Structure formats: C-alpha cells, structure tokens
Amino acid sequence: FYGNRSTSDKSHWIGSGGALYIAGGVTTNCVFRGNYTRCFGGAIYAYGGLVTDCVVTNNSIERHYGFNICINGGTVRGCDVADGRQTSPSNPGGGVCVVRGVLEQSRVRGNVTSGSAAGVALVKVPAGITPNASVTTQIVQNCVIYGNAAGANGAGVWMDSGCLANCTVSGNTCAIGSGAGVYQTGGAVINSIVFNNNFDNIFTSGGTVIHTCSDAAVAGVGNIAAN
C-alpha cells in the first residue's frame, strides 16, 4: 500500500486511514509506506480486526492522532512501525495512537513530531474520535519503543489512560518539556524498562508506575533505579 492520500477531516468515520480502514478480519504480511491522511491514522485506522506482521513506515498526518496507525478497537501485533511524521501538530498524536484496543509485540521507532507524543500515545478521549464502545481494552504490551523525537513532552510514550506493560522505552528525545521516555498523566506503567532517554525518563503527574526500572526510581511498588 503506497502513496495513498485521504484529505477529508469530517470525522473518524470519513477520511481515516490513509491506506486502510479495518473494522474486522485480518490484514497480514503487508507493507504500508508513504500514505497520508489529515487527522487519524496516516496509513491504518483499526476500528476492529487484526493487523499482524506488517511493516508500516514513512506515513504521515497533518494533525491529530496516529502518524502511522490509529487503533480504536482493533489489535496490531508483530509490526514494525517507523518513521512517521506529524506535519502540523495540534494534539499529542503518536506514531501509533491507541484509543481502544491493543498494540503488542511490535517495534515503534523513528517517529517525529514538533509537538508532543512521537512514539506511542495512549489517549482517553481524543478530539474528533468516538471511542469504540464495544472494546474496553487500552493496552500497549511487549513492545520496544525507541529512537522517537518530539518537540515537547513524551517522545517515547505520552499517556493519560490505559496500560503500558512489559515494554522497553529507550533512546527517545525531547527538544524541550518532560518525560522523554514516558510522559504520564494517567493510566498504568507496569513491569517496564524506561532508560537512556534525554531529560527525565519518566514524568508522572497521575496514574501508577509499578515494577519498573529507570535511571531514577519513581514512587511506586517494586520500582528500581539500575542500569
């Protein structure tokens, strides 16, 4: 899937997913490259179904959520998600944005925004998106999130809800702001490694962090500071 464009911004039903809008079934072993949409999911908008073992790279959005992928009810598994861009940031968008559903066993790397949230965004109520009411899960698990760059907060992960579990977040950079690894105002960080990001690895003003390793231990059960 190469070079597809959607320029509508009427709603998450119309114009989402520059190359693919999936509400059921399975998409596997595909390459998505150089696709564009204005608002939600530069390459893929996953309202349901499963996207697995795909390469999703060099896609972009103008603003809002998911430079490469926006998940609102679906599952993305075993994918390489890389080098997405947000050209005119107005929200913390993320190379992958998870509103409802699951991102697992994937790499998220090299995504760039001049705003907040370059790698992954876990967002409770994104502007312009109605969360999929049939799905309550909002989780990123068993992923490696590295080498993403943001102009402001949360180069690796920006989260106000949901769960980040069993992940490694490393080598992400913010130009200014806080939480180059994880910027957290809600949700839970569990059993993860957040290390070698510039500025503070984890900034938290809400939610919980437990059983997690960082360069400076964050308050919470089982957290450690070690290399």
Side-chain angles (χ1 to χ4, degrees), residues 56-57 65-71 76-84 86 92-99 101-113 115-124 138-227:
V56 187
T57 183
Y65 305 100
F67 321 156
N68 283 300
I69 303 172
C70 184
I71 304 171
V76 173
R77 177 184 302 143
C79 292
D80 184 19
V81 186
D83 301 323
Q86 184 184 36
V96 182
C97 178
V98 184
V99 181
V102 179
L103 171 67
E104 61 186 7
Q105 301 168 23
S106 296
R107 296 187 300 177
V108 181
R109 58 186 178 87
N111 299 284
V112 176
T113 178
S116 296
V120 171
L122 287 141
V123 185
K124 185 176 182 180
Q138 187 189 25
I139 187 168
V140 176
Q141 59 187 4
N142 303 313
C143 291
V144 180
I145 302 162
Y146 67 97
N148 302 284
N153 304 316
V157 177
W158 188 102
M159 60 188 299
D160 65 8
S161 57
C163 180
L164 180 77
N166 305 315
C167 291
T168 297
V169 183
S170 182
N172 303 285
T173 58
C174 290
I176 58 172
S178 301
V182 175
Y183 182 89
Q184 179 192 34
T185 61
V189 179
I190 301 171
N191 196 36
S192 292
I193 298 170
V194 186
F195 223 94
N196 197 34
N197 306 280
N198 81 331
F199 295 134
D200 40 353
N201 280 291
I202 302 176
F203 171 88
T204 180
S205 62
T208 59
V209 181
I210 62 172
H211 301 294
T212 288
C213 172
S214 186
D215 65 333
V218 177
V221 175
N223 295 322
I224 62 172
N227 188 350

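Please read these numbers as outputs of a predicted model, since none were measured by experiment.
Under the side chain to side chain contact (heavy atoms under 4.5 Å, CB included) criterion, Gln138 pairs with Val98, Leu122, Ser161, sequence neighbours left out. Here Asn142 pairs with nothing under the side chain to side chain donor-acceptor pair (under 3.5 Å) rule; sequence neighbours left out. For the salt bridge (charged side-chain N to carboxylate O under 4.0 Å, His left out) test, no residue two or more places apart in sequence or in another chain qualifies with Asp215. For Ala152, the side chain to side chain contact (heavy atoms under 4.5 Å, CB included) partners two or more places apart in sequence, or in a different chain, are Ser116. Glu104 pairs by the side chain to side chain donor-acceptor pair (under 3.5 Å) definition with Arg77, Gln141, not counting sequence neighbours. Remark: Ile224 engages Cys213, Ala226 in a side chain to side chain contact (heavy atoms under 4.5 Å, CB included) (not counting sequence neighbours). Annotation: side chain to side chain contact (heavy atoms under 4.5 Å, CB included) contacts of Thr173 (sequence neighbours excluded): Ala149, Asn198. With sequence neighbours excluded, the residues that form a side chain to side chain donor-acceptor pair (under 3.5 Å) with Asn197 are Asn172, Asn201.
Checked by atom type, the side-chain pair Asp83/Asn111 shows no donor-acceptor distance below 3.5 Å.
Across all their heavy atoms, Cys97 and Gly93 have their closest contact at CB-O, 3.4 Å. Ala155 approaches Ala118 most closely through the heavy-atom pair O-CB, 3.4 Å. Considering every non-hydrogen atom in both Thr113 and Phe67, the closest pair reads CB-CZ, 3.7 Å. Nearest heavy atoms, Ala217 versus Ala225: N-CB, 3.5 Å. Annotation for Trp158 and Val123: closest pair CZ3-CG2, 4.1 Å, computed over non-hydrogen atoms.
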Identify each donor-acceptor pair in which a side-chain atom of residues 178-185 lies under 3.5 Å from a protein atom, sequence neighbours left out, and give them as a table.
residue	atom	partner	partner atom	Å
Gln184	OE1	Thr204	OG1	2.8
Gln184	NE2	Gly187	O	3.1
Gln184	NE2	Thr208	O	3.0

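Taking NE2 of His211 as the reference point, atom OG of Ser192 lies at 11.5 Å (rounded to 0.5 Å). Between the CD atom of Gln105 and the CG atom of Asn166 there is a distance of 10.5 Å, given to the nearest 0.5 Å. With rounding to the nearest 0.5 angstrom, the CG atom of Leu164 is 5.5 Å from the CD1 atom of Ile145. Interatomic distance, Phe203 CZ to Cys174 SG, rounded to the nearest 0.5 Å: 11.5 Å.
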Open item on the list: Evaluate Val96 against Ile71 for side-chain contact (heavy atoms from CB on, under 4.5 Å), listing each step before the verdict.
Closed with: CA-CA 7 Å; Val96 182; Ile71 304 171; 3.9 Å; yes
- [ ] Run the numbers on Thr212 and Val194 for side-chain contact (heavy atoms from CB on, under 4.5 Å), then give the verdict.
- [x] CA-CA 8 Å; Thr212 288; Val194 186; 4.3 Å; yes
Task: Verdict with supporting geometry, Met159 and Val189, side-chain contact (heavy atoms from CB on, under 4.5 Å) - done: CA-CA 10 Å; Met159 60 188 299; Val189 179; 3.7 Å; yes
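In this structure, Val140 and Cys167 have side chains that are in contact, with non-hydrogen atoms separated by less than 4.5 Å. Residues Ser106 and Asp80 are not in side-chain contact: their nearest non-hydrogen atoms beyond the backbone lie 4.5 Å or more apart. Residues Leu103 and Val120 form a side-chain contact, since some pair of their non-hydrogen atoms from C-beta on lies under 4.5 Å apart.
Side-chain N or O atoms of Asn148 include one that pairs as donor or acceptor with a backbone N or O of Gly110 at under 3.5 Å. One N or O on the side chain of Asn223 and one on the backbone of Val218 form a donor-acceptor pair closer than 3.5 Å.
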